[in-house]
There are 6 protein chains.
Amino acid sequence: MAFADPDITSDFVLPSNVTGSPVDGNFFTFTSTRALVSAQPPPNFKVTKASMAEFPALNGQSVSLAVLQFPAGTTNPPHTHPRSAELLFLLDGSLEVGFVDTTNKLFSQTLKAGDMFVFPKGLVHFQYNADAQKPALAVSAFGSANAGTVSLPVTLFTTSIDDMILAKAFKTDVATIQALKAGLAPKP
Amino acid sequence: MAFADPDITSDFVLPSNVTGSPVDGNFFTFTSTRALVSAQPPPNFKVTKASMAEFPALNGQSVSLAVLQFPAGTTNPPHTHPRSAELLFLLDGSLEVGFVDTTNKLFSQTLKAGDMFVFPKGLVHFQYNADAQKPALAVSAFGSANAGTVSLPVTLFTTSIDDMILAKAFKTDVATIQALKAGLAPKP
Amino acid sequence: MAFADPDITSDFVLPSNVTGSPVDGNFFTFTSTRALVSAQPPPNFKVTKASMAEFPALNGQSVSLAVLQFPAGTTNPPHTHPRSAELLFLLDGSLEVGFVDTTNKLFSQTLKAGDMFVFPKGLVHFQYNADAQKPALAVSAFGSANAGTVSLPVTLFTTSIDDMILAKAFKTDVATIQALKAGLAPKP
Amino acid sequence: MAFADPDITSDFVLPSNVTGSPVDGNFFTFTSTRALVSAQPPPNFKVTKASMAEFPALNGQSVSLAVLQFPAGTTNPPHTHPRSAELLFLLDGSLEVGFVDTTNKLFSQTLKAGDMFVFPKGLVHFQYNADAQKPALAVSAFGSANAGTVSLPVTLFTTSIDDMILAKAFKTDVATIQALKAGLAPKP
Amino acid sequence: MAFADPDITSDFVLPSNVTGSPVDGNFFTFTSTRALVSAQPPPNFKVTKASMAEFPALNGQSVSLAVLQFPAGTTNPPHTHPRSAELLFLLDGSLEVGFVDTTNKLFSQTLKAGDMFVFPKGLVHFQYNADAQKPALAVSAFGSANAGTVSLPVTLFTTSIDDMILAKAFKTDVATIQALKAGLAPKP
Amino acid sequence: MAFADPDITSDFVLPSNVTGSPVDGNFFTFTSTRALVSAQPPPNFKVTKASMAEFPALNGQSVSLAVLQFPAGTTNPPHTHPRSAELLFLLDGSLEVGFVDTTNKLFSQTLKAGDMFVFPKGLVHFQYNADAQKPALAVSAFGSANAGTVSLPVTLFTTSIDDMILAKAFKTDVATIQALKAGLAPKP
């Protein structure tokens, strides 16, 4: 399924399969993040999205959110969002963040709780909780109901792109590519 | 000054008055919200915006955030955002929220901490912390770098719109309009 | 139903339920306003819309019109259009018009027949025929096939928003809110 | 100079050369059409535009209007608007109107006073007042602050396009092209 | 059928009638132009489009291409694209090209193999291979999945627009219009 | 500098520093690709862009082109375009191409001369000339005047992102990261 993100010509968009009782306030409410606020930190980095797929009322509203939980010492690997910038608000802990622009310049920062940082549209960026003890918690806003995520380690090294193409692209040998692929492969 | 919100043809937009050293990560960082995270609740409802005016790096990125602090028993009066939907994430406390669509139907909800609620583009909406004791804290995302706010009590009754026009519009008398204006007028 | 307003990738959009004979010039013609041109003024202010709902050929064309009839001494109450600016052309009579921007500044004007006035996107505005004898007639253009209308008296005071929330928002007492609600309630 | 038409991130856009006193209601008012309402018909077809060039407050508001005056028996020649559909409202008289879609199908109609007709975005269209006695008056709305007009007789035959290219394109001879050019050339 | 051209909220858009096996790389491949690369020149000017109708994977991607083959001495008649600019890349031969802006100014050029030329959005333009011997080959890019084409000779003179309207518009007589129509009419 | 890509409200956009003689057809012509058509293949993969930076007339026209030259056995490494899809037309030779969607599925294809392939907006993609003898030549169209390019090997491993962050992200050790960085570093 695919929907257009830009200005809609109705107040909101109902899913085509809505039947029975008319929509009420519940349709515009998302409760899957309720547990996150006072939750114990997860064992690994975890992102909980509230985008069009999980929260259909966002269709046509050009906005979405995600909650990011960083246990101590964990990273959100380099990635891009094909359809939006990201504005991150650090609620708790600290974070190393950065992005690279199309001239290959790195912009980085150390964020303290309460800080915001904007990752411009479509650029490669990452976050890292360098603290060895404390978890970090952030919420990120997007200007699209479905920003999408392209995680680069997974995209590059777990999707069957030919070893030799990758070796040439990264100016290394096939053995290194195969070792990277083995490290990133899902564990049985 | 005015800028177009849609897709830009550069990675980001620098203010025209940038001089001296080139931009670095600080340009993309917003620290004015740092104090809010652990702050004492303010005496009245307070909104702290991170939009294009306060955070110029948002120009062209089509996203912004606001932090909303609700002391016990306070309200964010009915208002609209002319240029975006609002996706609210309740971090702490509880909130009564609602919006009215263009068919004059009210959609309302009681939110618990961790819940999200979307107010569709351009519609009248409000939030109210009904708890007599506990403050509430929320963060709201917008799909525009400058969503704008039209606060209806202030817009209608503190801007010199003719008393008789308002009396006719609200099907009341001039005395009632003047009393509403007096109540909303800034205190000397 | 909801449709995207922006550029379409076809010449025009046919309703999904068109059957039988193919469309011809009639599909692109709207005759419901034919009677208005030489009609007697109605007893109250009246707006006749030619938007996507009434005139399906406008779907995808990002334009619509409305005809506004103001008997002597009547008002079009403060309202917003969530999805477009309004460009009003006064065909006959005179009008007091105004809008309030997001800094709470009122811009007002007295229009004579043949004048135009633009109400910017999403802002609160109103029109009033102050003439005690003569009716006024206007046509308004919108840059959306479905600009939508949020009439503020009706939205605020006839949609079951809690009395106490409104009293706090308008810095008045519940009795005043209830009186306003009673005055605006539909007559039995 | 060129400006983007889509959603702006301010309430309105001020011209860069505004100096002196701040803008007031006059900036949003256009009075050049005041005389048209009760004017004598002009000798030839005449269009009076209220677009961004004549009415700078329209910048960023994505809407404009034009007033069309058709003396008896006159035509608005085939033309396109590169940046908008046109929604015509016939105020007085009658009109033959038509457009051709990209499959080369003609859609035509005879309009009576009070009728509207929509010419879809970018398509070739025309209007003709077939009445031998009565003038016609129309107002047209556009979903762009500067829809632009490409008048085809003038564009094709008064702009020095090579005679032979035109002869080949219209499958005629150079003499016919030269005769058409002579007929359309401005009279000294 | 009609689809919105702007940013989609999915990676790509599948046709609604896809059934059976899931899409693979073939869905994103277009082979109808394979024969053109080494083909003998056609007898007349010929355009081969790769737009949304011929290549459904372009839906939502806001880009398309066309291959233009000009035998010696042939022309692509004056036309417009209602939904995009055109960026032409001349691969072989030479071309006379031109467009007319909305102020009726002609911009023309003689292109050599390897040159590019941009025809701005919605304006009338043409190409002509003036070489008496050599064919020309070009590829044109569009920023829409369905730019559309309005060919002016055909639109104006083969679609039953009334002879008298055309005669008035082109300031000529009905006999000339009828001769032009006869020349452009499809041969039996 | 930054410009908005969407629909402009003028025919074209002139650079702010144009002085002297008015623009003519030369402004809309790009000749830097003239030499490419019959050039000897370059020693390495080479892309020649005709985007807004090199060809200012594209500003506001939402389209651009690039010419891609692949000597035998060379690759265009995995990359994304933040602001557009890419529609590639293979003029000569053969190419292995592929992209990965946001569900981490690889779509790949072997292209022959004359084939087209579309890489959807914002997704990671690559091209490889697997032929050991023959060069390949392609032209790619974009639906933005400045699509931008994020080359992933260079972005990830030559921009000073911390070794440990990269090691954690790619689930490898710092030594491997340092070896990749050394291999991709510019040669002195």
Side-chain angles (χ1 to χ4, degrees), chain B residues 6 45 73-85 96 98-108 120-124 126-128 130 146-162 164-173 176 179-180 182-185, chain C residues 6 45 73-85 96 98-108 120-124 126-128 130 146-162 164-173 176 179-180 182-185:
Chain B
F45 168 74
T74 58
T75 185
N76 183 4
H79 61 284
T80 69
H81 302 293
R83 289 181 287 277
S84 179
E96 305 293 315
F99 71 87
V100 179
D101 73 8
T102 56
T103 68
N104 296 317
K105 181 176 174 187
L106 172 68
F107 295 83
S108 60
K121 291 177 180 172
L123 301 185
V124 172
F126 59 88
Q127 300 108 20
Y128 173 55
N146 183 17
T149 299
V150 172
S151 177
L152 295 176
V154 170
T155 295
L156 291 167
F157 297 115
T158 75
T159 57
S160 307
I161 302 177
D162 187 82
M164 199 184 55
I165 293 177
L166 289 170
K168 281 179 182 270
F170 286 87
K171 297 192 178 171
T172 186
D173 49 40
T176 299
L180 285 166
L184 286 159
Chain C
F45 167 73
T74 59
T75 184
N76 183 2
H79 61 284
T80 69
H81 302 292
R83 288 181 287 277
S84 178
E96 305 292 316
F99 72 86
V100 180
D101 73 8
T102 56
T103 68
N104 296 316
K105 181 175 175 188
L106 172 68
F107 295 83
S108 59
K121 291 177 180 172
L123 300 185
V124 172
F126 58 90
Q127 299 108 21
Y128 174 56
N146 183 16
T149 299
V150 172
S151 178
L152 294 176
V154 170
T155 295
L156 291 167
F157 297 115
T158 75
T159 58
S160 309
I161 301 177
D162 186 82
M164 198 184 56
I165 293 178
L166 289 170
K168 281 179 182 269
F170 286 87
K171 296 191 179 172
T172 185
D173 49 41
T176 300
L180 285 165
L184 287 158

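Reminder, nothing fancy here: chain letters follow the sequence lines and each chain counts from 1. Because only heavy atoms are used, hydrogens play no part in the values below, and waters and symmetry mates are left out as well, while side chains stay in.
Heavy-atom pairs under 4.5 Å with chain C were tallied for Ile165(B), Leu180(B), Leu123(B); the largest tally goes to Ile165(B). Between chain C and the options Gly98(B), Ser151(B), Gly73(B), Gly148(B), heavy-atom pairs under 4.5 Å are most frequent for Gly73(B). Contacts with chain C were tallied for Pro153(B), Pro120(B), Pro78(B), Ser108(B); Pro153(B) has the most, counting heavy-atom pairs under 4.5 Å. Counting heavy-atom pairs under 4.5 Å between each of Thr103(B), Thr75(B), Ile161(B) and chain C puts Ile161(B) at the top. The greatest number of non-hydrogen atom pairs below 4.5 Å with chain B, out of Ala169(C), Ala179(C), Gly122(C), Pro82(C), is found for Ala169(C).
In this structure, CG in Asp173(B) is found 13.5 Å from CE in Met164(B), a value given to the nearest 0.5 Å. Distance check: Thr102(B) OG1 to Asn104(B) CG gives 8.0 Å after rounding to the nearest 0.5 Å.
Leu152(C) places a side-chain heavy atom less than 4.5 Å from the side chain of Val124(B).
Heavy atoms of Phe170(C) lying under 4.5 Å from chain B belong to its backbone as well as its side chain. Interface remark: Thr172(B) contributes side-chain atoms only to the contact with chain C (heavy atom separation under 4.5 Å). Contact annotation for Phe157(B): only side-chain heavy atoms (C-beta onward) come within less than 4.5 Å of a heavy atom of chain C.
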Verdict with reasoning, His81(B) to Thr149(B), per side-chain contact (heavy atoms from CB on, under 4.5 Å): CA-CA 5 Å; His81(B) 302 293; Thr149(B) 299; 3.4 Å; yes

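Looking at residues two or more places apart in sequence or on another chain, you find a ring pair (Phe, Tyr, Trp, His ring centres under 6.0 Å) between Phe107(B) and Phe12(A), Phe28(A), Phe99(B).
Within a 6.0 Å sphere centred on NZ of Lys171(C), heavy atoms belonging to other residues, nucleotides or ligands number 12 at most.
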